[in-house]
Each structure stands twice: as C-alpha cells, then as structure tokens.
J.: 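Quick one: this structure, given as structure tokens, is what I'll be asking you about.
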Amino acid sequence: MSTFSAYGMGPKGFSTNRRLNDYEREHRFDIKKPASDKALYDLSLIKFNSTFTECVDKWYSMRGFVAMAGAVVSALMIYLICVSLYELLFKGYLENLALLLLGAVILWWSAKFLVSDAFTYTHYPIRFNRKNRQVYAFRRNGTVFKAGWDELYWTIYNTKVGLGGGDLNVMGHLMDKDGITVKESIGLSLVDAGEAGRQNLRQFFEFFRLYMEEGPGAALEALKPTPLIMLPAIDRQRESWFFGWERLTGGMKGLPLLQLLFQPFLLPISLFRWIVMRTSKIPQWPQWVEDECRVEPDDPWRREPGFRDEEAIAAVKATAGAQSNR
C-alpha cells in the first residue's frame, strides 16, 4: 500500500553530503539487469515518447497533507499565543510567558511546514532522455538538476520512519568522486512500505530501466495488460479538486470500504491540496532542456497528457466482468 512520506520536502531537500547506508548498498539497482519480471508505472507519467518520458516527483501524491498539518498546528499555536498574551498583559500571569514563547517556536516550525507545500511549485517533474542518456529533475528552488543515467546510483531508500519498517522509495544519487558520499539526490514518485512495497518499487524502477535501456516499446509491452493512462496536462494547467481527491483516494484502489472509512481524513486533505495547487506555480523547463529533449512531430510512441489506452482499458474491464460472472 502506498504511503505518505514528507522526507526531502523541506527547504534543505534530501539529506546530502552523507555516506551511503547499508540499506542503500544492499538494494542498489543494476541498470543493465532487470529489477523485476514485471513493470509498474503507478499513474505517474506526464509525457511519453521516443526521446524522453517525464514523471511526477516523490511528493506529488501527498500534496495537501503537509499544508493541512501545518495549517492546523499554526491555528492552534496562534490561539495559544493570543490567550497567553491576554493572560500576560491583562492578568499578569507570568507563567504564560513560557507558553507564549513555546507557541511562537512551534508556530515558526508549523508555518515552515505549510509553505513547504503551499506557495511552491505544483509538482517537480523528472525527465528521462533515452537518446542522450540524461536525467533532468526540477529542483525545489526552481533550478534544474542534470546527470547521466549511467552515473546515477539507483537504489531503494528507507526513511526508517513509518509502517512496515519505514517508508521506501526509489532514489537516484549523484555520488562524489570517492564513490561513497551522496552529493545530490532525486526521488521517484512511488512511496511504499514493507516487503510487498519493496517489490512494487522494483517493478516501478524496471519500467524506467526498460525505457532507457530497451526503448519505449519494451517499456509499454512490460506493462500489459495494465493500460497506459497519462496524467492530465499538469504541465500547462493546475489540476482540479476532483482529480486531486481521486489521486489521494487512489492509493487504496480496490479497497472500497477502506476508501470510505478514510474519507473524513482524505476530504480535508483534498481541500488543502486544491489550495496548494492554486497558490503554487506550474514548473516550466528552461529552453536548453527543451532543446536537448526535442521530439519528432511524427513520433509513433508519442503519448501526451490525458492519453488513455481505451482498447486496453476495455480489455481489462471485459476480463474482470468475465471473472465476476463465473
């Protein structure tokens, strides 16, 4: 089951200038060898063609959650500060000075949480260019990270925080010359937990590995019978409230009772997600990136935002219907 993980969402981003840990070394991917016999794309793709494929970032699915947490705590701290200030000024209760200072400190931290989600970018796209074998990632400060596919250290990272032994996600590390120090990192979108989650992440990386090593045809073939459904045009417009709610609820797809039980939690998050998207800028790749990722107009593998493989979707529905009638 996918999970929320805010690791790397703060202004400092992912932890860098550190040594690889044992977990990362143990679960390193070899880009020349299959990571799994299956492939998974987790509804993460914005664009797909013969030159590059572009996906969303690690935090995209959980947008709104951090803003809601920050807003709720901030509101509580503002109330605490106001009450403490009133008691201090009009009743002379000096013990409220400590509460006033504590509230101010927590308010500062909660406000930082809020603005690490809202007033930023709607998403932080990652682009894999198979022709020049480069990977581009939109940084949180609006600049662009670029590194060779072959030089990145691809692995599974464990936050050691969360259910099932910690939240897991696929990371690409740019290493220092010593080969053991992480200089910079990018995180792919799927976050999962436990042994089942680790297998999902292997399938997820396999999709991008197949695309880069064997081409778009091999990547799409490995998805079958799962239909390819591209994200809406989030590179040009902000998502709707309904799509945001659907994205949040989609993590429990196939579990309708659980989806229903979690709505009191997911509906408020979806509202804050909508606010986050409305207060954030849509990222735009600089022209030099677009020049390096030029796509032929007659590209047969071109799949634009909003694309749905209707034939595959119909086949999946027919199969599911036949099985239910047995």
J.: Are Glu195 and Gln199 linked by a side-chain donor-acceptor pair shorter than 3.5 Å?
T.: yes

J.: Just wondering, are more than 12 heavy atoms of other shown residues or ligands nearer than 6.0 Å to CZ in Arg139?
T.: yes

J.: Contact between Tyr124 and Phe145 at the side-chain level, heavy atoms closer than 4.5 Å - yes or no?
T.: no

J.: Is Trp288 atom CH2 crowded by more than 12 heavy atoms from other residues, nucleotides or ligands, each under 6.0 Å away?
T.: yes

J.: Look at Glu213 together with Arg130 and state whether they make a salt bridge at an N to O cut-off of under 4.0 Å.
T.: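 Not counted as a salt bridge, because no side-chain N and carboxylate O are separated by less than 4.0 Å.
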
J.: Any chance the side chains of Thr155 and His27 put a donor and an acceptor closer than 3.5 Å?
T.: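 Judged by distance alone, the side chains do not pair up.
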
J.: Given side-chain hydrogen bond (donor to acceptor under 3.5 Å, both in side chains), test Thr143 with Asn141 step by step and report yes or no.
T.: CA-CA 6 Å; Thr143 60; Asn141 63 4; 2.6 Å; yes

J.: For the residue pair Ser50 / Asp299, report whether a side-chain donor-acceptor contact shorter than 3.5 Å exists.
T.: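 Their side chains do contain a donor-acceptor pair, which is all the 3.5 Å distance test asks for.
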
J.: Can we call the ring centroids of Trp149 and Trp154 under 6.0 Å apart?
T.: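 Close enough - the centres of the two rings lie under 6.0 Å apart.
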
J.: Given Trp59, which of Phe65, Phe14, Tyr121 fulfils the ring pair (Phe, Tyr, Trp, His ring centres under 6.0 Å) condition?
T.: Phe14

J.: For the hydrophobic clusters of this structure (ILVMFWY residues joined by side-chain heavy atoms under 4.5 Å, transitively), does one cluster hold both Val56 and Leu43?
T.: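 Different hydrophobic clusters.
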
J.: Taking all non-hydrogen atoms of both residues into account, name the closest pair between Phe48 and Met230 and its distance.
T.: N-CE, 3.7 Å

J.: Should Lys33 and Glu206 count as an ion pair when the cut-off is N to O under 4.0 Å?
T.: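 No, no charged N to carboxylate O under 4.0 Å.
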
J.: Would you call the rings of Phe204 and Phe208 parallel, tilted or perpendicular, taking 30° and 60° as the class edges?
T.: perpendicular

J.: Checking Arg127 now: which residues fulfil salt bridge (charged side-chain N to carboxylate O under 4.0 Å, His left out) with it, not counting sequence neighbours?
T.: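 By the salt bridge (charged side-chain N to carboxylate O under 4.0 Å, His left out) rule, Arg127 matches Glu54, Glu290.
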
J.: To the nearest 0.5 angstrom, please state how far the CD1 atom of Ile156 sits from the CZ atom of Arg198.
T.: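 Ile156 CD1 to Arg198 CZ: 6.5 Å, rounded to 0.5 Å.
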
J.: Which of parallel (below 30°), tilted (30 to 60°) and perpendicular (above 60°) describes Tyr60 and His123?
T.: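 Taking His123 first and then Tyr60, their aromatic rings stand perpendicular (interplane angle over 60°).
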
J.: For the pair Glu292 and Lys146, find out whether any cationic side-chain nitrogen is under 4.0 Å from an anionic carboxylate oxygen.
T.: yes

J.: Which is it for Glu239 and Arg63 under the salt bridge (charged side-chain N to carboxylate O under 4.0 Å, His left out) test, yes or no, and what are the steps along the way?
T.: CA-CA 12 Å; Glu239 66 182 39; Arg63 295 299 291 274; over 6 Å; no

J.: Contact between Leu40 and Phe205 at the side-chain level, heavy atoms closer than 4.5 Å - yes or no?
T.: no

